[in-house]
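Please read the structure below before turning to the comments.
Ligands are counted one by one from 1 in listed order, and the atoms in each one are counted from 1 as well.
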Amino acid sequence: MAFPTETVYGLGARADSPEAVAKIFQAKNRPTFDPLIAHFPSFETAEQWARFDERAFLLARTFWPGPLTLVLPRIHDHNGPKIPDLVTAGLDTVGVRVPAQPLALALLDAVPFPVAAPSANPFGYVSPTTSEHVRQGLGDRVDLILDGGPCTVGVESTIVDLSGPYPRLLRPGGLPREAIEEVLGQNLVWEGFRPPVLTEAPGMLESHYSPAVEVEVFEEVSRLEARARELDGNCAVISASPISATHCREAVVLGEGAAMAVALFATLRRLDDPRTGRILALLPPPDGLGLAVRDRLYRAAHSKMG
Ligand code: TXA
Ligand code: MG
């Protein structure tokens, strides 16, 4: 079943059932070494499945429900780990999150188990931010789509790994890094713009978030404009704020701050048409939601390099 969250639509199955979870991997064509996030209706329920230390407690209390996933140690009972290996890709940690979306919370509240859910798109493609995107991508591979309207955040949750001594940023996302660092009173360790489990899957996860049309990213307007001229205008341009007249088929202004994230995936999807030529994107500064938008644009572009 697909359901809305405030970040992107998820494809859910009961997280305590390997048989149910296996169907997610099938429907998405997703490799099983890529772990899934377990979704809960509250901190109190999450606490029964993953071990929270003080830092985790603090972040959960401050930011849940919301676009933050915490990677924490799994809890074991007499039968072994409560969250099965298929969800965690065999790791002894689990990603846990409480989404801030009324329909998602109602769903999670109604069932007596956590819901494992990746984004509801075929593996490697741009994540869905409307129910229509889910239908276009998964079609009859999904039995039911709960429609909660367009997602209000528009990029996936920020993932913070608290299973080790230093808090690590695994994926920039809908909750700005600065907000987390302020609450922790500590900087997050971050490897930069690389997929988090790259070492376990060389080359594979780079192809995340990529439309079929080629994406090129630029730090400077002048470079982008030179490229657009080179392509003789056979391109579409994406930027957060308006840029001076560029020779292109279409110039999309995403907007600043939250608006930029909300519009990103729908824009990439709309422009994913052979008639677009190429997508030239101006990278936003790496602060606030700009960090997540940069990350997604890099991944969309990197997938086309070698
Ligand atoms: O906003 C979101 O997080 C959305 C909505 C549906 O909640 N979900 C989402 O899931 O983006 P997905 O499967 O597309 O991305 C989950 C990522 C994995 O690719 C992996 O990088 C990381 O979360 N992850 C999950 N569990 C982990 C773990 N135990 N250790 C390290 N990384 C983990
Ligand atoms: Mg995904």
Side-chain angles (χ1 to χ4, degrees), residues 1-13 15 21 24-25 27-40 49-51 63-74 81 83-101 103-105 107-108 114-129 133-134 137-138 145-146 148 151-164 167-175 191 194-201 204-210 261 265 292 295-296 299-300:
M1 173 208 273
F3 64 99
T5 80
E6 78 279 32
T7 58
V8 299
Y9 274 70
L11 181 62
V21 171
I24 294 181
F25 287 96
K28 277 188 61 107
N29 229 338
R30 175 171 170 129
T32 51
F33 54 72
D34 192 10
L36 303 179
I37 295 170
H39 296 69
F40 298 87
W49 298 77
R51 208 164 55 240
F63 296 115
W64 281 358
L68 171 68
T69 294
L70 299 174
V71 170
L72 303 174
R74 290 192 285 192
I83 297 283
D85 278 345
L86 193 54
V87 173
T88 70
L91 299 168
D92 210 25
T93 56
V94 57
V96 295
R97 139 165 159 83
V98 176
Q101 210 286 353
L103 258 183
L105 287 173
L107 169 72
L108 294 167
V115 173
S119 48
N121 52 287
F123 183 71
Y125 196 63
V126 182
S127 296
T129 53
H133 294 165
V134 179
L138 295 177
I145 305 175
L146 283 183
C151 300
T152 55
V153 172
V155 291
E156 295 86 348
S157 59
T158 302
I159 305 181
V160 175
D161 182 357
L162 292 175
S163 64
R168 292 172 56 213
L169 177 63
L170 296 187
R171 177 177 73 184
L175 181 66
E191 288 174 5
R194 320 206 81 200
V197 287
L198 185 66
T199 46
E200 282 146 59
M204 274 300 282
L205 299 185
E206 287 170 19
S207 65
H208 255 73
Y209 310 102
S210 56
F265 289 160
D295 174 75
R296 303 309 186 267
R299 295 189 198 209

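A side-chain contact (heavy atoms from CB on, under 4.5 Å) with L11 holds for exactly one of R30, K28, M1; it is K28.
Heavy-atom proximity to L91, at under 4.0 Å, picks out these atoms of ligand 1: 28 (C), 29 (N), 30 (N). Heavy-atom proximity to E156, at under 4.0 Å, picks out these atoms of ligand 1: 1 (O), 2 (C), 11 (O). Remark: ligand 1 atoms within the under-4.0 Å shell around heavy atoms of S157 are 1 (O), 2 (C), 3 (O). Residue-ligand proximity, I159 to ligand 1, at heavy-atom distances under 4.0 Å covers atoms 17 (C), 22 (C), 23 (O). Taking every heavy atom of D34 and a limit of under 4.0 angstrom, the matching atoms of ligand 1 come to 18 (C), 19 (O), 20 (C). Each of the atoms 12 (P), 13 (O), 14 (O), 18 (C), 19 (O) of ligand 1 lies under 4.0 Å from some heavy atom of R30. Atoms of ligand 1 lying under 4.0 Å from any heavy atom of T93, numbered from 1 in the order shown and given with element: 28 (C), 29 (N), 30 (N). Distances below 4.0 Å separate heavy atoms of H39 from the following atoms of ligand 1: 5 (C), 6 (C), 7 (O).
With a cut-off of 2.8 Å, the Mg ion (ligand 2) has no N, O or S atom of N121 in range.
Ring pair F3/H39 is perpendicular by interplanar angle, where above 60° counts as perpendicular and below 30° as parallel.
No hydrogens or angles considered: nothing links the side chains of R296 and S127 as a donor-acceptor pair under 3.5 Å. Counted by atom type alone, S119 and E156 present zero donor-acceptor pairs between their side chains at under 3.5 Å. Defined by atom type and a distance below 3.5 Å, a donor-acceptor pair is present between the side-chain atoms of S157 and R171.
The line from CD1 of I83 to CG of L72 is 11.0 Å long, rounded to the nearest 0.5 Å. Rounded to the nearest 0.5 angstrom, R168 CZ and I159 CD1 are separated by 11.5 Å. The CG atom of N121 sits 11.0 Å away from the NE2 atom of H133 when rounded to the nearest 0.5 Å. From F63, atom CZ reaches atom OG1 of T158 across 9.5 Å, with rounding to the nearest 0.5 Å.
Considering backbone and side-chain atoms alike, T88 places every N or O at 3.5 Å or more from each N or O of ligand 1. For ligand 1, the polar-atom distance check finds an N/O of R97 within less than 3.5 Å of one of the ligand's N/O atoms. Residue S119 places at least one N or O, backbone or side chain, under 3.5 Å from an N or O of ligand 1.
Nearest-heavy-atom check against atom 24 (N) of ligand 1 across A2, P35, G10 picks out P35.
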